[in-house]
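Let me begin by presenting the structure, written as structure tokens, before commenting on it.
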Amino acid sequence: MRSTAPGIMIIAAILFLGTPAHADLMDKAKSLLNKDKSQPGGQADGTPDKDTVAAGLKEALTIGSQNAVKAGSQPDGYFKNPAIKVPLPEKVQKVEKPLRKVGLSKQVDEFIMTMNRAAEKAAPQAKDIFVGAVKEMTILDAINILRGGDTAATDYMRSKTYDKLYGAFKPTVTQAVMSVGVTKAYENLIDKAKKTKLIKDESLDLDHHVTSKALDGLFYLLGQEEKKIRKDPVARVTDLLKKVFGK
């Protein structure tokens, strides 16, 4: 049984790359199953063993999560990225066009901008939580991730960290909502919109809206980082990543 586990991990690592030369790689993986030459840090022929593969996956996730947090927390990290930009709450979205038609575009834009500024301020809170989840990853977790799709690692991270992230994010978002004027921008919009009778004086859980959308954006960014490491050799920036994902 000693040769089976490393063999499975090697096959998974090969599949993880998503390279076009699928047939050749599969032939190589089958031949590796018949070998029992494991040595510390890798097989006798230079392919990584299961511990090295798991370490590579952890390093990939650590780097990917750091890059995702950095991208989201920089100025305009959310606001100027259409893929993760925090949108208007659904109730306001329904009347956005009429509001703009009656001259409230400035107020709508200010509301959107302040929500995204709050998300950017909160993003750094994710770094330590992501790193903690990576450290807790087991060999079995690594096997399941390597067998999964292009964002299997991101899905794993979401399942392990979402509740913690939400708990850490919301207080920061609450402070950011106040400091960057989200509530004031919303109230200003509502006050003017009420005169048009397009929207009622409805209260919104702005903190929840910004928190949930900010987290969705972070996991999107993490997924993009994961895809890069799986498929783009340039994204494998350490020797360990090159050893594991370059095979």
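Just so we're clear, the structure is a prediction, and the values are computed from it rather than from any experiment.
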Any non-hydrogen side-chain atom of [X] less than 4.5 Å from a side-chain atom of [Y]?
X      : Y      : answer
Glu120 : Arg117 : yes
Lys184 : Thr114 : no
Lys70  : Gln74  : no
Glu187 : Thr183 : yes
Ile63  : Glu225 : no
Lys127 : Gln66  : yes

With sequence neighbours left out, the residues meeting ring pair (Phe, Tyr, Trp, His ring centres under 6.0 Å) with Phe111 are Tyr186
Where is the tightest heavy-atom contact between [X] and [Y], given as atom of each residue plus distance?
X      : Y      : answer
Ala133 : Met157 : CB-SD, 4.0 Å
Thr172 : Ala168 : OG1-O, 3.4 Å
Gly72  : Ala123 : C-CB, 4.0 Å

Worked verdict on Leu61 versus Met137 for side-chain contact (heavy atoms from CB on, under 4.5 Å) = CA-CA 10 Å; Leu61 276 175; Met137 185 181 295; 3.1 Å; yes
When clusters are formed by joining ILVMFWY residues with side-chain heavy atoms under 4.5 Å apart, either directly or through shared neighbours, do [X] and [Y] land in the same one?
X      : Y      : result
Val102 : Val92  : yes
Val69  : Tyr162 : yes
Val131 : Ile145 : no

Scan residues 65-109 for pairs that pass ring pair (Phe, Tyr, Trp, His ring centres under 6.0 Å), counting only residues two or more places apart or in two chains.
-> none
Under the salt bridge (charged side-chain N to carboxylate O under 4.0 Å, His left out) rule, what do Arg100 and Asp109 come out as? Steps first, then yes or no, please.
-> CA-CA 10 Å; Arg100 292 186 182 279; Asp109 290 340; 2.8 Å; yes
SB check Lys58 Asp141 (cutoff 4.0 Å) = no
Identify whether the distance between the nearest side-chain nitrogen and carboxylate oxygen of Lys106 and Glu110 falls below 4.0 Å.
-> no
Rounded to the nearest 0.5 angstrom, the NZ-CE distance for Lys85 and Met115 is 9.0 Å
Can you measure from OG (Ser105) to NZ (Lys97) and round to the nearest 0.5 angstrom?
-> 12.5 Å
Test log, rule side-chain contact (heavy atoms from CB on, under 4.5 Å), inputs Leu88 and Ile112 = CA-CA 6 Å; Leu88 290 168; Ile112 294 172; 3.5 Å; yes
May I ask you to check whether over 12 heavy atoms, not counting those of Glu90, lie within 6.0 Å of atom CD?
-> no
Between the side chain of Glu226 and the main-chain N/O of Ala152, is any donor-acceptor distance below 3.5 Å?
-> yes
Begin from the C-alpha positions of Ser179 and Lys121 and carry the test side-chain contact (heavy atoms from CB on, under 4.5 Å) through to its verdict.
-> CA-CA 10 Å; Ser179 67; Lys121 280 197 169 189; 3.3 Å; yes
Name every donor-acceptor pair, under 3.5 Å, that has one atom in a side chain of residues 210-223 and the other anywhere in the protein, sequence neighbours excluded.
| residue | atom | partner | partner atom | Å |
| --- | --- | --- | --- | --- |
| Thr211 | OG1 | Asp207 | O | 2.7 |
| Ser212 | OG | His208 | O | 3.0 |
| Ser212 | OG | His209 | O | 3.1 |
| Asp216 | OD1 | Arg158 | NH2 | 2.9 |

